[in-house]
Structure formats: C-alpha cells, structure tokens
Amino acid sequence: MPDLLLELRSEEIPARMQRRAAEDLKKLVTDALVARGFLYEGAKAFSTPRRLALHIAGLPARGEAVREERRGPRVGAPEAAIQGFLKGAGLTSLDQATTVTDPKKGEFYLAVIERPGRETLDVLAELLPEIIKSFPWPKSMRWGAASAEPGSLRWVRPLQSIVATFGPETETPEVVPFSVGGIAAGTTTYGHRFLAPEAIEVRRFDDYIQALERARVILDPERRKDVILHDARDLAFARGLDLVEDEGLLDEVSGLVEWPVVLMGSFDESFLDIPAEAIRATIRANQKCFVLRKGGSDDLAPAFILVSNLFATDGGLAITAGNERVVRARLSDAKFFWETDKATRLEDRLPKLDSIVFHEKLGTQGERIARIAALAQDLAPRVGADPALAGRAARLAKADLVTEMVGEFPELQGLMGRKYAALQGEHDSVCAAIEEHYKPLGPSDRVPSDPVSIAVALADKLDTLAGFWAIDEKPTGSKDPFALRRAALGVIRLILDRGLRLRLLEQVGAADRGLAGRAGADAKDLLAFFADRLKVYLRDQGARHDLIDAVFALPGQDDLLMVVRRVEALGTFLDTEDGKNLLAGYKRAANILRIEEKKDGRAYDAEPDTALAAAGEPAERALGAALAKARDTASAAVAREDFAGAMQALSTLRAPVDAFFQDVTVNAPDPKLRENRLLLLNALRAATRAVAEFAKIEG
C-alpha cells in the first residue's frame, strides 16, 4: 500500500519545541485522515534542528465509496421542511428521493446519498496546507515581503522547503500537489548546513533516510541521543573519567545538532574549589556541556564533554578551545560569586528580603519568612522536631535568594543556602532544612526525613496555600501559576510518607493567623482541594477515587493519614463477599428510603421503635438487634482507629440484611409498621456512616 513522506524544512527550530512539534504533526495529519475515512498501518514523526518529518505507512490509494441514507420529513410536510431536506441531502427535487412507510409514523421521504471514494492524493493536497497554516507552535513568526500581507504563513522560523510524496514502494511516488506561503511541495531537500549543503532528491521514506545519512543528518532524535550518550561515555572512559549523565541536557543537546560529534574540554583545577553543583550549573546552563567525575569517585574532574554539530579538519581543537575559553570565563564568575557570598552571613541578608515583594496582596518575602518561622515552630512538636531549630531554619531558608550565586542560577536555591549555612557553623538539621524545605517538588521527588526539614517544608507549603486561598487566587482548569497543586501534593506526601498525624483544618487556621489584617482562607474549600489532590495521588497508587469521596464525605476528615488508612480498610472490606453484599443491601435500602421520603415528603431519620420491631417478623427482629450491636462495635473501633475492626463489625450485617429483604415487606399495609421498617433501613444507613458515606461508593 502507498506511503506518505512529508518534510517541512526551516531555519533552526528551538530544541525545546521539537519533540512536541513532531508529535503535533503526526497527530494532526493522522487525525485528519482518519476523520475522512482513511485508515493507515503505522505513522512515525521525526525532528532535527532544521526539519520536521512524517512517515505514514499503509495508506489506501483511494478512499472507500460512501452510501448514506438520510431520513426526511413526512409526506405532506410544510414546504420549508421539504426544501431544507432537499438542500441538506444535495437533491434538486423530490423525484430524487424515495418514500418509505413506517407502521407507526406513516410515509416519509428518504434520500440515498452515494459518494464515490476520493483519491488519497487529492485529500492530502487538501488537508496538508491547512495543517501547515494552522500549526500550533508556541511562538511563530512571519518573514520576508509576504509578511506584510494579511494571513501570510507563520512558522516557528522561516520555512524553506517542503517535501511531500505519496505512492507505493513498487512505483515512483507522486508529489502531493500543494503550496503554502509561496513554497511548492516537491522532492528536493538539503542535508547538513555545513557538511553537505547540496540539494538532495528524495522520493520515498527509505531513500530519504539514507540520503540524509549520506548528507550528515541523523533524522531520528532518539538515535542522536544514543550516539551522544555512548560516545560521551566512551570518551570519558578512555580518559579514566565517568560521565555525569543528565537526561534533560541530553534531550536538549540532541535538538541542537543534526550530526553529533562528541569532544572533551578541560578547565583549571583551581575551579574545583567551587561547589560541584555550581560548576555543573555553570557549564550546563551556559555551554550545554556535560560535567565529568574522576573515575570511581564522586569528585568532579576538571573536564567537560561538549557536542559539536560537525567534525572539523583539525579534529575539533579550535571548537574545544573556544568552549574552554567561555567555560573559563563563566567559572571565574561563579568563583567570584562563591567567594563574595561566603563573606556575608545568611542572617545579615534578611533585611534585603523585607524590600522584595512576594505578592502584592501577601506582603514581602520578609513578612512571609516571619509567618513560616512561626508556623514551623508550632508544627515542630507535632513532627518530632526541636522548635528552636525549626524556627532558625525557617528564618534562614530563603536568605540565599539574595546571594550572587542564586541570582545567577536560581535552580541552586536551597542548595547554596545549605552550603553557606554549613560554612557559618549552623546545626546539621538547620542546614538540611534550608535545602530540603522545597521538597518534595513532584510525585517522584524525595521526601525529607529530618524532622526539622519536615516542619519547615510543611510550614512553607501551608503558608503558600492558606495565603493564596485567602486572596482567592486558586488554580482554575489547567492554570496554576503559583504551583498550588504541587504544594498540596507536597503536604500530602510529607504526611503520608512520614506517617504524620496532623489536623489540616487546625494547621490552616494557624497559617491564617499569620495573615494579620487579611481575610483568612476558606478552610473547608481548601480541605476539598486537598481531597481532590489526594484522590489524584492515591488513584496513581491504585486506590479507588469513590472510596476517598466516601470517607471525606464524613464530617471532620482532615487527618489525611487516617483518611488513607480508612480508605485502605474500606477497599479491603469491599473486595470480600460480605462487603459486596452489604453494599448491595445498603444501595437497596437507600433507594427505598429515597423513593419513600420523596413520596411522603418527610425524612425517616429517627430511631426505630425497638418494641415494634421486636413484635414483627423474625428477620426484622434479627436485623434490629444486629444493627444496634454493629453500630456500637463499629463506632468503638473507629474511635480507637481500628478501621479493620470497624469493617469486621459491619460484615456481621450481611446475613440479617439479606434475610430482611427476602422475608420482610417494607411497605406493609399497617402505616406504623411501614414507618418503623423504613426507620430500620435508616438505621442501616446510619450504621455504615460509622466508617464511610456508602452513598458515594460506586457499584
């Protein structure tokens, strides 16, 4: 079957945009084809700094014919309805329609519309220009004389050529006939800008891949990454060094080169006095280079790996020397920052934070630090930390934000503060907390273990959440400019991973008290936000979201550790036969109550008459006795946080509930008996609420 080859060649595409652009190109083209009835066998997109490419295999040469029956109005319908039907069906008169008789609705018109299958080449010529013109680049530009014209083509960088061919392997493919922005699709592309700049004629994908390889272009970004990684490892090993691998940097560098050539540079060993993280940040951020360790050691070596986009006749000596000059200058700056920062104690930097606005409605960084310190001291005993150390760590935690090093490399915040704190002799727990109070930054990030770090990390995140809730700056949809979802997830992970017993409403109240003169947060709304984040987190761990809803629906559920343990016990119970049957019995009871309460205009929420129940059917008496015992036992178990015991107590209700529904008529003719039996069903509803709101459970 025929294949499609599409290449869009331009000036350099920013590395950060390439992967997403390739995925977008594949999705847009394949979705458009499928929507038109053209299925395919496989598709793969590629990117380099100068091109996006797409290969779709196994497309049909022609689309299938379509036969559609469109039902029209009844015979004798108003003229306007008939004319609308004719226009929609593409008919000129009713003579082109048929009439069909429906036994219930009488005669009506029917149009049979047959459309012949379209040539795939024609469909591609129609859809590809539209996709190119509306391509969703994060940023795009116009260029040249045409840029003055309304509706002129926009692309991430000036588009230079288009290759678009379609056809089977056994025949010469045809060019897809279209043009965009004055650029006509054809079969001509170009190789590496410097190593092979001549024109290349290509027809099909296999030819295209091979031609680019000969012209010093590796099309597949994953293969470029593999070449860079293995060559860098080999070169480091040959010099007795180890590569410090960096997946993010590897992704970026592979998007900067079409023909990667790995080289090694060096710098003066005196620069190793700078903290290793600062050296790595300097070399990574400014030169997109990898750092190296001494073989078998954690110590950095005075060398780095760079990736060139070409091989030079001098073996890369000039390229390496140029990079070494820049690295030397950057490391000189970093050394100056390091030496300058060490001369000032962290607490002496705090006055600067009083002039830095954190948020116009939440005050300065200095005010925020005071709030975090007070909250950290309040939290400290609850997490096993020394309040004095927690307060000290919180006061110093943000001081490195006004250092020279963090000003140059913001990603080193916290880490540099830890190093400066250690140099001035701070307690080890204070040093650790200065770095770790930002953690965890995501679902896979490490959770601090030092109690002081935990206290400051919780205080930092709770102050952020309470503050932005107080000024009504909450996440909306996909927008979360203040990373409040991440802060809530951080609180959840700190509590669960470290087994902390905290009442969130109480802690939010404490955070609110620090917002002097400002309206407090809506604590219940913030707790609901935590519940949503907890659902997302636990769902990723395999838990059921409806069970979380069922537990949170009970009043006072702000101890997240206990919520999770209750959810776990509930899930285990509902996986048993007793649990499944009790849930079914509950649902039946709840449905009966809902119907009867609506019909009677009242709630059946009082206690049942035990004497009346005792005089009733045997199954009625048995259920009443079982409910009284199970409710008391389950409530006592919950009070001592024995959730498995509470579920066990509820499991004893399975048999009497089954027997009740089998042997007893709820809507008895006697009004008093009927009312009492409905109250008995409400007692079942109330008994289950000892552990969860069963109405929220699905199934």
Side-chain angles (χ1 to χ4, degrees), residues 1-10 13 18-48 50-68 114-136 159 161-180 183-189 191 200-215 217-226 258:
M1 294 180 76
D3 293 0
L4 168 69
L5 167 63
L6 175 65
E7 182 203 66
L8 304 167
R9 188 179 64 88
S10 67
I13 305 167
Q18 291 169 24
R19 183 182 296 273
R20 176 63 183 270
E23 292 171 356
D24 285 343
L25 181 63
K26 174 183 170 182
K27 179 174 173 53
L28 289 168
V29 176
T30 55
D31 284 359
L33 286 167
V34 170
R36 291 163 172 79
F38 291 84
L39 305 182
Y40 58 94
E41 293 176 0
K44 190 168 184 181
F46 306 88
S47 62
T48 80
R50 298 178 65 215
R51 66 199 81 222
L52 297 179
L54 174 65
H55 174 229
I56 301 180
L59 274 169
R62 185 183 182 89
E64 294 184 1
V66 176
R67 186 179 188 277
E68 176 189 354
E114 295 186 354
R115 297 190 183 94
R118 296 183 63 192
E119 294 288 339
T120 306
L121 195 69
D122 295 338
V123 173
L124 289 169
E126 176 185 281
L127 66 88
L128 290 179
E130 293 305 314
I131 289 172
I132 294 170
K133 285 188 283 189
S134 60
F135 199 80
L159 190 62
S161 67
I162 300 172
V163 171
T165 66
F166 178 74
E169 294 181 3
T170 55
E171 300 174 13
T172 301
E174 295 183 68
V175 173
V176 181
F178 72 91
S179 65
V180 178
I183 303 170
T187 58
T188 303
T189 188
I200 305 169
E201 291 298 316
V202 295
R203 287 290 178 181
R204 55 178 58 84
F205 183 68
D206 290 342
D207 301 337
Y208 172 69
I209 285 278
Q210 295 171 17
L212 286 182
E213 288 273 349
R214 290 192 296 270
V217 175
I218 298 176
L219 182 66
D220 189 344
E222 292 303 315
R223 188 163 159 243
R224 293 198 302 277
K225 285 174 60 176
D226 191 60
E258 290 194 317

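FYI, the numbering just counts along the sequence from 1.
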Worksheet item: Between Val34 and Tyr40, is a side chain to side chain contact (heavy atoms under 4.5 Å, CB included) present by the stated rule, with each step listed?
Response: CA-CA 8 Å; Val34 170; Tyr40 58 94; 3.9 Å; yes
Fill in: Ile218 and Thr48, any side-chain heavy atoms less than 4.5 Å apart
no
Fill in: Phe135/Leu159 under side chain to side chain contact (heavy atoms under 4.5 Å, CB included): CA gap, chis, key distance, verdict
CA-CA 12 Å; Phe135 199 80; Leu159 190 62; over 6 Å; no
Discussion item. Using side-chain heavy atoms (C-beta onward) and a distance below 4.5 Å, is Arg62 in contact with Arg118?
Written reply: no
Discussion item. Using side-chain heavy atoms (C-beta onward) and a distance below 4.5 Å, is Thr172 in contact with Arg203?
Written reply: yes
Fill in: Salt-bridge present (Glu23, Lys26; N to O < 4.0 Å)
no
Worksheet entry | SB check Glu126 Arg36 (cutoff 4.0 Å) | yes
Worksheet entry | Glu169 atom CD: more than 12 heavy-atom contacts under 6.0 Å | no
Item to complete: Mark yes or no for whether Arg204, through its side chain, and Phe166, through its backbone, hold a donor-acceptor pair below 3.5 Å.
Response: no
Response to the item:
d(Leu54 CG, Asp24 CG) to nearest 0.5 Å is 12.0 Å
Discussion item. Whether Arg19 and Glu222 form a salt bridge (side-chain N of Lys/Arg under 4.0 Å from carboxylate O of Asp/Glu) is what I want to check.
Written reply: yes
Worksheet item: Can Leu6 and Leu124 be said to form a side chain to side chain contact (heavy atoms under 4.5 Å, CB included), step by step?
Response: CA-CA 11 Å; Leu6 175 65; Leu124 289 169; over 6 Å; no
Worksheet, complete the sentence: CG of Leu59 to CE of Met1, rounded to nearest 0.5 Å, is 7.0 Å
Practice prompt. Find out whether Ile200 and Thr188 are in side-chain contact, i.e. whether some heavy atom of one side chain is under 4.5 Å from a heavy atom of the other.
Written response: no
Practice prompt. Compare every heavy atom of Ser47 with every heavy atom of Gln18, then report the nearest pair and how far apart it is.
Written response: CB-OG, 3.6 Å
Fill in: Student check: side-chain heavy atoms of Ile132 and Ile162 closer than 4.5 Å
yes
Item to complete: Write down the atom of Leu219, the atom of Ala53, and the distance for their closest heavy-atom approach.
Response: CD1-CB, 4.1 Å
Worksheet item: Below 4.5 Å, heavy atoms only, C-beta onward: do Leu33 and Ile56 meet side chain to side chain?
Response: yes
Worksheet item: Of Arg224, Arg51, Arg223, which meets salt bridge (charged side-chain N to carboxylate O under 4.0 Å, His left out) against Glu258?
Response: Arg51
Worksheet item: Under 4.5 Å between any side-chain heavy atoms of Lys44 and Asp220, yes or no?
Response: yes
Item to complete: Compute the centroid of each ring, for Phe46 and then for Phe205, and state whether the two points are separated by less than 6.0 Å.
Response: yes
Item to complete: Could I get the full list of salt bridge (charged side-chain N to carboxylate O under 4.0 Å, His left out) partners for Asp122, not counting sequence neighbours?
Response: none
Practice prompt. Determine the sole option in Glu213, Glu7, His55 for which the side-chain hydrogen bond (donor to acceptor under 3.5 Å, both in side chains) test with Tyr208 is passed.
Written response: Glu7
Item to complete: Look only at the side chain of Thr120 and the backbone of Pro60, and say whether a donor-acceptor pair between them is shorter than 3.5 Å.
Response: yes
Item to complete: Measure from the side-chain N and O atoms of Asp3 to the backbone N and O of Gly58, and report whether any donor-acceptor pair falls under 3.5 Å.
Response: yes
Worksheet item: Nearest heavy-atom pair of Gly191 and Ala215: which atoms, and what distance?
Response: CA-CB, 3.6 Å
Worksheet entry | Results of salt bridge (charged side-chain N to carboxylate O under 4.0 Å, His left out) for Asp226 - residues two or more places apart only | none
Worksheet item: Going by atom types alone, do Glu174 and Thr165 pair a side-chain donor with an acceptor below 3.5 Å?
Response: no
Discussion item. Within this structure, what is the OG1-CG distance for the pair Thr30 and Leu39, rounded to the nearest 0.5 Å?
Written reply: 11.0 Å
Practice prompt. Quick one: pull up CG in Leu8 and OG1 in Thr189 and give me the separation to the nearest 0.5 Å.
Written response: 10.0 Å
Worksheet entry | Arg20 CZ: over 12 foreign heavy atoms closer than 6.0 Å | no
Worksheet item: Does any non-hydrogen side-chain atom of Val175 lie less than 4.5 Å from one of Val163?
Response: no
Worksheet, complete the sentence: Nearest heavy-atom contact between Leu128 and Phe178 is CD1-CE2, 3.8 Å
